[in-house]
Amino acid sequence: MLAQLVDMSLWESVVRALIPVLLAAIGGLICERAGVFQISLEGMMLAGAFAAVAAAHVTGSALAAAAAAAVAGVLLSLVLAFGAVSRGGNAIVLGVAINILAVGLTSFLLPQLFGVRGSFQPEGGVRILRIAIPGLSDLPFIGPVLFNLSILGYAALLLVPATWLFLFRTQLGLRLRGVGERPLAAETLGVSSTVYRYAAVVASGVLAGLAGAQLALGNVGVFTEGISSGRGWIAVVAVMLGRAHPFGVLAACLLFGFTEAFGFRLQGQGYPVQITDALPFVVTLVALVIARKRFRRLLDLTASTV
Amino acid sequence: MTVALVVAFGLGAVVIALTGGDPLAAFGEMLTGGFTGSGLRNTLSRMIPIVGMALAFSLAFRSGVLNLGGEGQMLMGALFGTMTAIVLPGPGPVVIVAALLVGAAVGALWALLPALGQTKFQVPLLITSLLLNYVARATTSYLVRYPFGEPGAAFASTVAVPESNRIPDFPFLGGGISISLFFVFGLVALLAVVYRRSVFGYETAMLGFSGPFARYGGVDVERKTLLVMASAGAIGGLVGSHLVLGETYRYIDADMIAQTGFAWTGLMVSLLAANRPVAILLAGFFFAGLQIGGFAMERATKVSWQLAEMIQALVIVAVVSRLGLTWRRRRKLGEEVGPPQPEMETAHVGEV
Amino acid sequence: MTTELELRGITKRFPGVLACDGIDLTARRGEIHCIVGENGAGKTTLMSILYGLIPPDEGEILVRGEPVRFHSPLDAIRRGLGMVHQAFKLFPSLTVAENVIFREEPAKLGWIDRKRAVARVQELADAYGLAVDPTAVVEDLPVGVLQRVEILKALYRHASILILDEPTAVLTPQERDRLFDVMRRLRDSGRTILFITHKLAEVMSVADRITVLRNGKAVAELDPATTTPEEISRHMTGRDVEPVRAGAPTALGDVVLSVRSLTVRGAHSLPVVSDVSFDVRAGEVVGIAAVAGNGQTELIEAIAGLREIESGTVTLAGVDITHLDVAGRRRAGMSYIPEDRHRVGTAAAASVSENLLMGYQRTDRMRRGAWLRRRAVADHAGRLKDEFAIKVSGVDVAAGTLSGGNLQKVALAREMAHDAPLIIAEQPTRGVDIGAIEFIHTRLVAARDRGAAILLVSAELSEIQSLATRILVMFEGRIVAELDPDRVDEAEIGLHMTGGKVAGA
Amino acid sequence: GGGSSEETSAPETTAAPSGTEEDTSTETTAAPAEGEDEGAEAEGGEGPHFIYITPNPIGENEFLQMGETGTQAAAERLGGTAETFESTDPSSSRANIEAAVEAAPDIIVLTTFQLTDMAVEFASANPDQKFILIDDCPPEGQPENLYCVGFREHEGAYLLGIMAGNLTETNKIGSVVALDIPFFHRWSDSFYLGAQSVNPDLEPDTQVFIGGDNPFADPARAKEQALSLAAQGLDQIFSVGAASDMGVFEAAQEQGFMTYGTDVNNCPVAPEYIVDNNLKLVDNAVQTAIDLVMSGEATPFTSVGLAEGGVGVMALDDERLADSQCLVAQHPDIVEQVREAAEGIISGEIEVPDPLAAAG
Ligand SMILES: Nc1ncnc2c1ncn2[C@@H]1O[C@H](COP(=O)(O)OP(=O)(O)OP(=O)(O)O)[C@@H](O)[C@H]1O
Ligand SMILES: Nc1ncnc2c1ncn2[C@@H]1O[C@H](COP(=O)(O)OP(=O)(O)OP(=O)(O)O)[C@@H](O)[C@H]1O
Ligand SMILES: [Mg+2]
Ligand SMILES: [Mg+2]
């Protein structure tokens, strides 16, 4: 039965479902490394999805759509950066408020701008470009799974090692980690924690915005109210579970994507949806208990947020 | 605070004006709709879950226990409280008390799961409590769909709680306000005194300030974590039970999950009020009024309720960002709370 | 010699405190300039202003004759200043090399040249005799090494003016002597060193010049060749300070603390305390001498209930406390002045009054049933503030605003106030001024004389020698010697501490 | 009831593919446009006044949208005014109903099961106020001033099943459904039943539920679920997920299976792949109910199905089918078979069991 459940289309599904979450989670991990607790990914993703579809409708260009999504994410991220970094406000409260703001704003603007409710498809069916890499996409198994993705899909996967290199091999990455771990120490060496934190939060805005674009114009081709559907929260969990390490976060996203897609299959076998819905979370909880080595950093970081 | 409100409403006004509405009329409706007449009654009624959940969060947060699981605690408590009120025979008042106790107990047990995870397995409660919200959704959903569900109902829901087993409304107030409000006021007073004057309040506050310090002083950190979580979960369970026994009289799956919005509103209210019970009461009243007023505004002026929601979010952002304080004062404030702190006086790493 | 640095009329006010009051100070190229003063005199504040961390309210800074305004430490670094902070400013999860090169990384196009970084740090360390492993992760290192890392950071940035804020407070005598060698070498290479310490012996041995601060004012500039420790301390305190001579204990009482075959495991489940047994009797002070990292910290934590005991027993006033929690041990009669006053001994965000209550909130004096006796708590705090001369405007102020020494007094006052049968004092005078040292020593002796059993751990051998009735030396987790303080000198204790006598004996 | 819908001749009634600006959108209702007109009407204030109250934000929910459309259309036709109060949760629903009762319109229109308890409560407390409850009815204790309108959605779904039973090549069919609640089994169970009636070789039914945080508007999740069904060899997939349906339609386009929509005509979204839709003409039903209540002819419970024209499929009407872009139009034989079945259902010859009643 397992062989029948774990087929190639399952893996394709895992990778597709993974990409928006991964994009947002990378943004989240950068923030966490910079010492900002980022739980507004959900709202920024939603705003990004809306902006992408709106821009695609107006300009007919996928590039413009992606740019608009990034801008929308950045605008919301600036609210967090200003409140939490410049004004020392509580990042959890700001994050929750931003999520509410995004829901209100997108459902308010949808009828205002496009005269429709609920869902909206951009004119001309604009989509984020999907590229089958010649040669590679024909490889058995991994070809369709890994080499037939949208541009943002490749970007998300490449961002994992890129983020790792950035954090652990570059000057800026070192300083970012320093700021996140001991802001005062960084200040005494002339590294402004404000600048780095702003940069990190804005980066998460870009990535979560793009995650929204991928969701609304990559995975499908439509905006629906609340289309982010909790994926931003999953990204938050992935950051925690992966302990803000790029490969750890990727693994967490994979675990999550896999259990979710596997759950769909189980439903097809007659298991109740309420059980398969809980599956990813239960598996994550179990994974947490098994991989419970050192969450000190997280405890430290979050202890200062309340 | 005032500046924050002006900024938030100012932004809201711009949006209303841009979409062709009359901001003054809209806000007028919002205020009269939220804080007068039957709107006031609805506001008071809506305050119950908001303040209740905020109190639950305050208990945890001021002790440095990062409980994000209010939603799940509320759902689990609500379902089991409801089932008790449905199946338990006996005189109404007895059944109600029993149902509330069961709701509180189940909420507490659900909250103890992440607490035990942290104290026994060192898995941060922050993550597990958040994850358990989803598990609670699925679990309640399953239970109310299958074993606890009303046969033949179109939705996944329990049967209605028998009339005798419902939490009554205040007499003479025009109806609609459950006497739970009375208990919320009581809880505010109780916690205000406990936080300021009791050994428990002192010890948990110290735990919130510094875990190693509290441990050093003989505070049983693990036990306190469990106790705090259980109490927070119990309050969450009570709030959930109230929402059914005192308001909707039947646990409807989709409806209850929509009600979990109260958990997040409560979380914000608690943090905005710096976890102080009386401030929570005031902030909770204000937010409840904004929400009820938002619907009134839509009814009267066609400005959509989403806008009210946005204004609420903006108020929070403005307040949290302390827009009322000047830059100078804020800087000083920062210096006061952030003195030349030891970053690493000793290198040994203690257990958390 | 040319003037390297000049401060003119530096003034800084905090709410309710005038931390610096028109301070003038001149330092020349190639000198070690000591700055001394009581706790809260304003030393750290002055240095923070100089390093650009906080802006002065008034006053002027001249570097090599040129007026400067520092808006951030970066400006100060660019002018050749380097600072080793009283509280270390290191990144625990980063390596030594990463900590040193931070913000001045050797790099190509943004990519850190990690080989070169390690090599540069190693070179620098070798050049100044600062033994460190550049690839070690900072959180695994003992404090003495961290100190060296801090100095390397400044040297790496070509600091010509080096500020050292109480660098010796956490060092063993050996480490301190090596630091002084480094400082002299740096001075000889033309650098200016501003050195803050509370230990007058150190001042006398390394200073070229001395500035004394008192209550935010510079009250004297002295030449070590022509001054005496007594004169310095008179300037600091405005009175004469006599070192405390413990005097012979009257009579030893019963055994209060009894430790038998205690074994404790550390981070990597290696035994850090092995089979340790000793007694402390009423009316005696038992000193534990050890080089940092030889198990004394873990031993104390195990006795205090903060660390799991692997095997063995601990008995306090006849009660087996091996398996009791902290509260139980406190009830049995333990009080404990911890080494880490910032993280463990106090809570920065809590008020002074709340800090003074901790550990005693469940005594009948402080509570009635579930409720605190608020009057008793307030009176208690007020009394201790006065009795221990804690310099703070009121007991409702957050403890985090207190100066290092005053914070130590808070922890001390709390633990001394309850006449507990056993007092564990871990580095009780670290970072406190000589007046306060005198005060603390007097209190400890008084406690001993009223019949308390005192277990003293100190890196300050002179402190142990003057206070202890017996000295236990720990090396690699074991007690390797028991010495009589009247019959040994520092050198001999030092030899035991480094394991020298074990091989010989 | 069917007749009255013809009379209204509102061009935007959802049964016809909309010719308005948003061709690509599934949002074929013209609610916003009417909302604008409505402002002007409000000034008149001569005719009757209706208030429509939803338990959830209307947003993605086509069903709730159509209720609004119907109420608005009735008001327009009768020269009166209509208002909509959207709620987000039970306590805001209560606030909205209270406000509506205070405003004392001619009729308060409430929708869905979630408002049933409150409908009973408020109707009992306000005997002079007339209420219509759509899509549910209290099992007992129905006050006289509360009129229910229910739909027999299963009849339409059964007809779609007949198409699927004919068209399947793999003999594997199933549904992607928003939530696992008894109500939605009216669609999914009846779909399979219809297919079984024409195809004895069918493999067992496969139903998956979207669930998650946002079951009615998570097209990405719905799409993955549809793809997983396709990977198992299903070639006829019924999509019962409101705005999530878009994901299923996309999956159909990518994998080449056939799919079926709900409530309105979705065929233009994916003309080659959407066979037909289970129409639920809530707007018509609401208008009919309002007419009946206004004229005093209403009965406590009105059930609308194929016979009353409250439920249907595109294939039933030549004119509709012609420009529907539905795939079923290319199979005249199936269309014929479906129409015969519809007649059989209307005449009572074929009995389509109500899964809800069966569960009870
Ligand atoms: N951020 C601050 N807010 C308020 N008061 C402060 C702050 N920083 C220092 N002070 C006060 O200023 C005075 C000088 O403190 P400073 O830290 O400079 O003393 P110090 O001479 O370094 O003492 P120690 O020897 O104990 O380290 C003290 O009274 C201290 O409480
Ligand atoms: N001053 C004291 N002297 C003796 N025993 C004490 C004292 N304080 C507390 N205890 C004991 O410690 C235990 C806990 O005390 P108590 O019931 O007062 O605390 P609590 O407030 O319930 O604590 P927690 O909040 O940890 O449950 C009891 O067994 C009590 O007898
Ligand atoms: Mg107790
Ligand atoms: Mg100092």
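With ring centers used as reference points, D:Y260 lies under 6.0 Å from D:F191. Taking the six-membered ring where the residue is Trp, the centroids of D:Y192 and D:F238 are separated by 6.0 Å or more.
Heavy atoms closer than 4.5 Å to chain D are found nowhere in A:E12, neither backbone nor side chain. With a threshold of 4.5 angstrom between heavy atoms, D:Q225 approaches chain A through its backbone and through its side chain. Residue contact with chain D, scored on non-hydrogen atoms closer than 4.5 Å, is absent for A:S107.
In terms of heavy-atom pairs under 4.5 Å with chain D, the best-connected choice from A:G263, A:P20, A:S9, A:S13 is A:S13. Listed options A:M8, A:E260, A:R231, A:Q274 were ranked by heavy-atom pairs under 4.5 angstrom with chain D; first place goes to A:R231. Heavy-atom pairs under 4.5 Å with chain A were tallied for D:P219, D:G211, D:A222, D:A231; the largest tally goes to D:P219. Most heavy-atom pairs under 4.5 Å with chain D: of the set A:G226, A:A216, A:G270, A:A261, this distinction falls to A:G226.
Here side-chain hydrogen bond (donor to acceptor under 3.5 Å, both in side chains) pairs that include residues 15-25 of chain A, with residues two or more places apart or in two chains, are A:R16-D:E224. For residues 215-224 of chain A, the set of pairs meeting the side-chain hydrogen bond (donor to acceptor under 3.5 Å, both in side chains) definition, not counting sequence neighbours, comprises A:Q214-A:N219.
Using a 4.5 Å cut-off on side-chain heavy atoms (C-beta onward), D:D235 and D:K172 make no contact.
A salt bridge is absent between D:D213 and D:R221: the closest approach of a Lys/Arg side-chain nitrogen to an acidic carboxylate oxygen does not fall below 4.0 angstrom.
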